[in-house]
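Below is one structure, written out as structure tokens; comments come after it.
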Amino acid sequence: MNLNLTTKKIDVEIDIVLVKNKKIKENKEILKSLNFKGTDEESALLPELGKLYVGCETDDVDNIRIAIATAIKALNKTNFKSASIKCKDNLSAYIDGFELGNYTFDKYKSKTKEFKKEDKNIYIVVNSIDKNIQKEFEEAVSICESVNMARDFVNTTPDDFYPSIMAKEAIRIAKENELECKILDEDYLEKNNMGAMLAVGRASRHRSKLIHLTYKPTGKTKAKKKIVLVGKGLTYDSGGLSLKPSDFMVSMKSDKSGGCAVLGIMNTIADLNLPIEVHGIVGAVENMIGGDAYKPDDVLYAKNGKTIEIRNTDAEGRLVLADCLCYAQDEIDDIDYIFDFATLTGACVVGVGQYTSGIMGNNQKLNYKVVKNALDSGELATTLPFNRYLKKTLKSEIADICNISSTRYGGAITAGMFLDNFIKDENKQKWVHVDIAGPAFVESSWGYNPHGASGAGIRMAIEFIKSL
Ligand code: BES
Ligand code: ZN
Ligand code: ZN
């Protein structure tokens, strides 16, 4: 699909019409005979008239995204090669709908589809094109491309996407966007006392990697803020010796979603030309079983010197993040904001449903701001507040802290509070933990998201960064 922005009426095969608020204004009789009512995710194609009608029940921006995604999916079922749509406002929502709704993952399908999606030309017709509109168009396309790139990474199987592949992709992203790039290996982890992250990857045949990308504004623009993004990049989570039951292991290739979101954000940040320094740090690790696996009963030493009693090797993401968060705060000074993105807990999915991210941290005002940015960007999110009583459930008799809570309630929050142990005092109010375990990967399509990876975290983070 080629997306074009134009002011002229172009001669196309299909005119896409959004039917707002169920008010059908033209071709009423035919649409009635087709039983088209203009409800959400409903479409009707009138090929002889060159029209594609799609329902859009409210003026809500996310509704536009869903309606446009419905349109492109309907078009993809046909051989028509060109279509146009009028756009008065919310241009970026139209682009989101087309670009995100058009995504499919067919890397592992041996037969390719008869007609190619790539051949389609879509024209978004606007009243005028000034610098701002052009910028909105280009930025939205860039963000969507990064979301789709992250979706591809997450959907790729663990045999084809392991820590060194993730590092290779990071190097490519850095080259294409002129970012600084450091790939640190297990020798570095060992020399720098990152025993928690190191232990998780020990039984894997794939060596762990710590990825660190940096964007610094170029030319005359000086960075006004410094923001650090840390991602959980578990390229596979079998649970380790606390092995997951078979049904729960399926889809655990998605445990790298936080890391892939960070790579996606770094892939777009240079295009936005913001006066902000952005660091992207990913702990790329595979959690496996074997004679060399770390065990329940082990005590691990994290980079900040804290000792961690292991009682469940399936609570591995927090161990990787603990060391990555320490690394970030040791290597980068004067941080303004530090975020982590992770498919951290099943409890978060149970608590708020599979479409919503859990936003946590010590700064409730900042948490609310992130929720607002997420909703504005088209992602669902809600806050999950910390409290002093749950904090106590992480106490260990033999080490400084335990890697699981003593209660099975509030698992998303206790995981977040575990991470808080690795946030320095000066950064306590600057840190936000985003649990994307639900929306990162859903095994059925929802709105403009396909089956599988969604790219959760990217649009919300970019919205936040843009708002600074
Ligand atoms: N990667 C999982 C969390 C997860 C579950 C992500 C479902 C996406 C969908 C994480 O490493 C994990 O296994 N967490 C455990 C923690 C428990 C042992 C305290 C969980 O949620 O059960
Ligand atoms: Zn796990
Ligand atoms: Zn995990």
Side-chain angles (χ1 to χ4, degrees), residues 154-155 158 162-163 166 196-197 199-204 208 230-261 282-289 293-298 300 308-324 340-358 360 384 390 393-394 396 401-419 433-444 452-454 456-457:
V154 173
N155 285 326
Y162 39 85
M166 203 163 186
M197 174 167 169
V200 175
R202 225 165 60 193
S204 169
S208 302
V230 179
K232 169 177 173 182
L234 261 289
T235 59
Y236 200 69
D237 180 13
S238 69
L241 288 180
S242 312
L243 197 63
K244 285 184 184 293
S246 318
D247 289 354
F248 288 72
M249 212 183 291
V250 177
S251 84
M252 275 303 133
K253 64 175 181 183
S254 69
D255 217 19
K256 56 184 175 305
S257 297
C260 293
V282 180
V285 185
E286 188 183 56
N287 186 21
M288 296 298 283
I289 55 169
Y294 82 123
K295 304 170 270 297
D297 282 358
D298 278 345
L300 307 179
I308 308 167
E309 179 192 355
I310 302 303
R311 294 181 75 88
N312 191 318
T313 61
D314 197 11
E316 84 301 333
R318 59 193 79 184
L319 302 171
V320 173
L321 284 176
D323 273 341
C324 287
D340 72 77
F341 297 89
T343 47
L344 205 61
T345 64
C348 193
V349 194
V350 173
V352 301
Q354 68 265 52
Y355 307 112
T356 304
S357 294
M360 287 159 258
L384 297 172
L390 282 173
T393 67
L394 287 164
S396 165
I401 188 174
C402 200
N403 86 321
I404 55 165
S405 156
S406 58
T407 165
R408 56 199 191 88
Y409 303 117
I413 295 173
T414 50
M417 295 187 87
F418 174 90
L419 296 178
H433 161 55
V434 185
D435 194 331
I436 56 170
F441 195 95
V442 181
E443 284 197 281
S444 55
S454 70

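Note that the numbering runs from 1 along the sequence shown for the chain. Both ligands and their constituent atoms are indexed starting at 1 by order of listing.
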Are any non-hydrogen protein atoms located under 4.0 Å from atom 22 (O) of ligand 1?
-> no
Got a sec: is A315 within less than 2.8 Å of the Zn ion (ligand 3) via an N/O/S atom?
->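 No, A315 does not qualify, because none of its backbone or side-chain N, O or S atoms lies under 2.8 Å.
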Counting backbone and side chain alike, does D314 bring an N/O/S atom below 2.8 Å of the Zn ion (ligand 3)?
-> no
Nearest protein heavy atom with distance in Å, relative to [atom]:
atom	answer
atom 7 (C) of ligand 1	M252 CE, 3.6 Å
atom 20 (C) of ligand 1	G346 N, 4.0 Å
atom 10 (C) of ligand 1	L344 O, 3.3 Å
atom 1 (N) of ligand 1	D255 OD1, 2.8 Å
atom 2 (C) of ligand 1	D237 OD2, 3.6 Å
atom 16 (C) of ligand 1	R318 NH2, 3.8 Å

To the nearest 0.5 Å, how far apart are OG in S208 and CZ in R202?
-> 11.0 Å
Would L243 and M249 satisfy side-chain contact (heavy atoms from CB on, under 4.5 Å), going step by step from the backbone distance to the final call?
-> CA-CA 9 Å; L243 197 63; M249 212 183 291; 3.8 Å; yes
Of all the atoms in E316, is at least one N, O or S atom closer to the Zn ion (ligand 2) than 2.8 Å?
-> yes
Are any of the N/O atoms in K244 less than 3.5 Å from those in ligand 1?
->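 Yes, there is a polar N/O contact under 3.5 Å.
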Should G317 be counted as touching ligand 1, given the test is an N or O pair under 3.5 Å?
-> no
Sub-4.0 Å atoms of ligand 1 with respect to non-hydrogen atoms of [X]:
X	answer
N312	18 (C)
K232	1 (N), 10 (C), 11 (O)
I404	19 (C)
E316	11 (O)
A437	6 (C), 8 (C)

For a 4.5 angstrom cut-off between non-hydrogen side-chain atoms, does [X] reach [Y]?
X	Y	result
F441	V154	yes
T345	R318	yes
N312	P296	no
Y294	N287	yes

Looking at D237, which of its N, O or S atoms is the nearest one to the Zn ion (ligand 2)?
-> OD2
Steps toward side-chain contact (heavy atoms from CB on, under 4.5 Å) verdict (F418, I404) = CA-CA 8 Å; F418 174 90; I404 55 165; over 6 Å; no
Non-hydrogen atom of D314 closer than 4.0 Å to ligand 1 = yes
By atom name, which N, O or S atom of D255 is the nearest to the Zn ion (ligand 3)?
-> OD2
Check: R311 side chain, C402 main-chain N or O, donor-acceptor pair, under 3.5 Å | no
Thinking salt bridges, do K232 and D340 make one under a 4.0 Å N-O criterion?
-> no
Go through S242 and D314 one step at a time and tell me if the side-chain hydrogen bond (donor to acceptor under 3.5 Å, both in side chains) criterion holds.
-> CA-CA 6 Å; S242 312; D314 197 11; over 6 Å; no
Would you sort out whether I310 and K295 count as a side-chain contact (heavy atoms from CB on, under 4.5 Å), showing the intermediate values?
-> CA-CA 7 Å; I310 302 303; K295 304 170 270 297; over 6 Å; no
I401/S396 under side-chain contact (heavy atoms from CB on, under 4.5 Å): CA gap, chis, key distance, verdict = CA-CA 5 Å; I401 188 174; S396 165; 5.6 Å; no
